Number of protein chains: 2
Amino acid sequence: MARASSLRRLPATRPVRAARSDNRLPEVLAQAARAFRAKGYDAASIRDIVGAIDMLPGSLYYHFPSKEALLLAVYAEGVRRFSEAVSAAIAASAAPWARLEAACIAHLETLLQESDFAQVVVRVRPSDVPAIAAQLVALRDGYEALFTRLVQALPLARGVDRRSLRLMLLGALNWSQTWYRGGRDDPRSIARQFVALLRQQLDSERRS
Amino acid sequence: MARASSLRRLPATRPVRAARSDNRLPEVLAQAARAFRAKGYDAASIRDIVGAIDMLPGSLYYHFPSKEALLLAVYAEGVRRFSEAVSAAIAASAAPWARLEAACIAHLETLLQESDFAQVVVRVRPSDVPAIAAQLVALRDGYEALFTRLVQALPLARGVDRRSLRLMLLGALNWSQTWYRGGRDDPRSIARQFVALLRQQLDSERRS
DNA sequence: CGTAAAAGCAAACACTCGTTTGGTATCGCA
DNA sequence: TGCGATACCAAACGAGTGTTTGCTTTTACG
């Protein structure tokens, strides 16, 4: 059986028949992502979300059993977009540093341009939604494991802590959401700058 | 006239007489910082804050005209603590890199240990509180100017973008609030690691 | 076509939110 | 000691919150 678009398995009430074509679930998700990104989880109300697509508050509960479940769906989609973008980006290169740079560029372009879903992942803190905090963290950790492997592959001088390097890089990238303004900066060059600042230790003082 | 403790000028209703000794404003501020840090601005309710010190919701409005004004007071105090810690720390050293490292250590220790007030500065986004967003940004910018000067003083190879360096460093430091767990890590060594990862370009290829 | 499921409407529910208003102990000070 | 400002209490306000319940329209499918 085909895996389908992955959005189709999100609703909690499983249809036994195919979804109808006038299904507005995609619009709901898009608007939810937009609202969560702009206002954060608590400040974004159900009425904000559904009102933007002329739907009534109660109607949302046909698609999701709770506001938390809605956030989880948006968050999962955000993580999926990050993973997809980065996976595709690193496939092109073989050299460890080039792969890391490609990953950072893809991460930042997804975060700062393709927007909304990805921004929610960086914006919303799992601890803000205790009921699903563990699931949010698990999703994010799954994605960041990609970077763990990329950093692991780097040829570094001994004594360089790879965990610190990963945390520093991802932290700097994610924090850019705070100060980034389109037009003035662009994601690609920011990511390149950041990687370049770390690349000073030359490759392979030891085994690859 | 003495400058006083700087908390005394916070209330919006200016007393013409000295404050009474049973004044619980300090406790209100401390609890507000605690709540804003733990839950964020929107999720932390007035009742959460005053309830923790057995005060009634309405009583807060003797000290502050609005919830936003309360946040502004907490935020300003947080920025003040950052500034004070970092200013004191960089006074001890003269060498540019040592000063930057000292600043980062002080920043991170303030953020991750002395806690609450400082954490609010990193946790709460100005855009979450539009009415005072501009003032929050101004406060933070004033503090971060400290780092701009520290980075400016570094002897760097030409072609190294100082703005990127500053943004990367502060971003990585601030993001640590997300993953830091006391006991496992400690702020001092984290800050040292981060600075070390950037220090590879040797001092003064050019003028000091 | 007819029918069952899908998708959403309409209206309310109980609750919490920030805030206001009027009153009152209590303290600092002359 | 008395007076007035200080620092609250007590109780409510209207608006907004996530969510539920019963009903209705629309669609895909046999």
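A quick note: this is a predicted structure, and the numbers were derived from the prediction, not measured. In what follows, every chain begins at residue 1, and chains take the letters A, B, ... in the order their sequences are listed.
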- [ ] Taking only the side-chain nitrogens and oxygens of B/Ser21, find out if one of them lies under 4.0 Å from OP1 or OP2 of C/dG28.
- [x] yes

Task: Whole-Å distance separating the CZ atom of A/Phe64 from the C1' atom of C/dG8 - done: 15 Å

Open item on the list: I need the residues from residues 47-57 of chain B with at least one non-hydrogen atom less than 4.0 Å from DNA chain D; give them sorted by number, or say none.
Closed with: B/Arg47, B/Asp54, B/Met55, B/Leu56

Task: Heavy-atom pair of closest approach, residues A/Arg125 and B/Thr178 - done: NH2-OG1, 4.4 Å

Task: Minimum-distance nucleotide to A/Asp22 side chain [options: D/dA7, C/dA7, D/dG4] - done: C/dA7

- [ ] Write down the distance between CG (B/Leu60) and C1' (D/dC9), rounded to a whole number of angstrom.
- [x] 14 Å

TODO: Taking only the side-chain nitrogens and oxygens of A/His63, find out if one of them lies under 4.0 Å from OP1 or OP2 of C/dA6.
DONE: no

TODO: Could you tell me whether B/Ala69 contacts a base, only the sugar-phosphate backbone, or nothing, with contacts defined as non-hydrogen atoms closer than 4.0 Å?
DONE: nothing

Open item on the list: Below the 4.0 Å mark, does D/dC8 have OP1 or OP2 next to a side-chain nitrogen or oxygen of B/Arg24?
Closed with: yes

TODO: Measure from NZ on B/Lys67 to P on C/dC17 and round the result to the nearest Å.
DONE: 9 Å

Open item on the list: Could you check whether A/Lys67 makes a cation-pi contact with A/Tyr61, meaning its NZ or CZ is under 6.0 Å from the centre of the six-membered ring and within 45° of the ring axis?
Closed with: no

Open item on the list: Without decimals, in angstroms, what is the distance between A/Asp128 CG and D/dG18 P?
Closed with: 14 Å

Open item on the list: Looking at every heavy atom in both B/Gln177 and B/Leu112, which two are closest together, and how far apart are they?
Closed with: CA-CD2, 4.1 Å

Open item on the list: Just to be sure I understand the rule, does B/Ser59 reach a base, reach only the sugar-phosphate, or reach nothing, if contact means heavy atoms closer than 4.0 Å?
Closed with: base

Open item on the list: Whole angstroms only, please: what is the OH-C1' distance between A/Tyr61 and D/dG22?
Closed with: 17 Å

- [ ] Check the distance between D/dA12's P and B/Ile46's CD1 and give it to me in whole angstrom.
- [x] 20 Å

Open item on the list: Nearest 0.5 Å, please: how far is CD1 in B/Ile105 from CZ in B/Phe194?
Closed with: 12.5 Å

Task: Point-to-point distance, once rounded to the nearest 0.5 Å, from CZ of A/Arg34 to CD of A/Gln119 - done: 11.0 Å

Open item on the list: Could you measure the distance from the CD atom of A/Gln193 to the CG atom of B/Leu167? Nearest 0.5 Å is fine.
Closed with: 10.0 Å

- [ ] Let me know the distance between CG of A/Asn23 and P of D/dT26, rounded to the nearest Å.
- [x] 16 Å

Open item on the list: Using a heavy-atom cut-off of 4.0 Å across all strands, would you classify A/Ala43 as base, sugar-phosphate, or nothing?
Closed with: nothing

Open item on the list: Using 30° and 60° as the class boundaries, would you call the ring planes of A/Phe82 and A/Tyr143 parallel, tilted or perpendicular?
Closed with: parallel

- [ ] Answer yes or no: does a side-chain N or O of B/Ser45 lie under 4.0 Å from OP1 or OP2 of C/dT16?
- [x] no

TODO: Report the distance from atom OH of A/Tyr62 to atom P of D/dT19, rounded to the nearest whole Å.
DONE: 18 Å

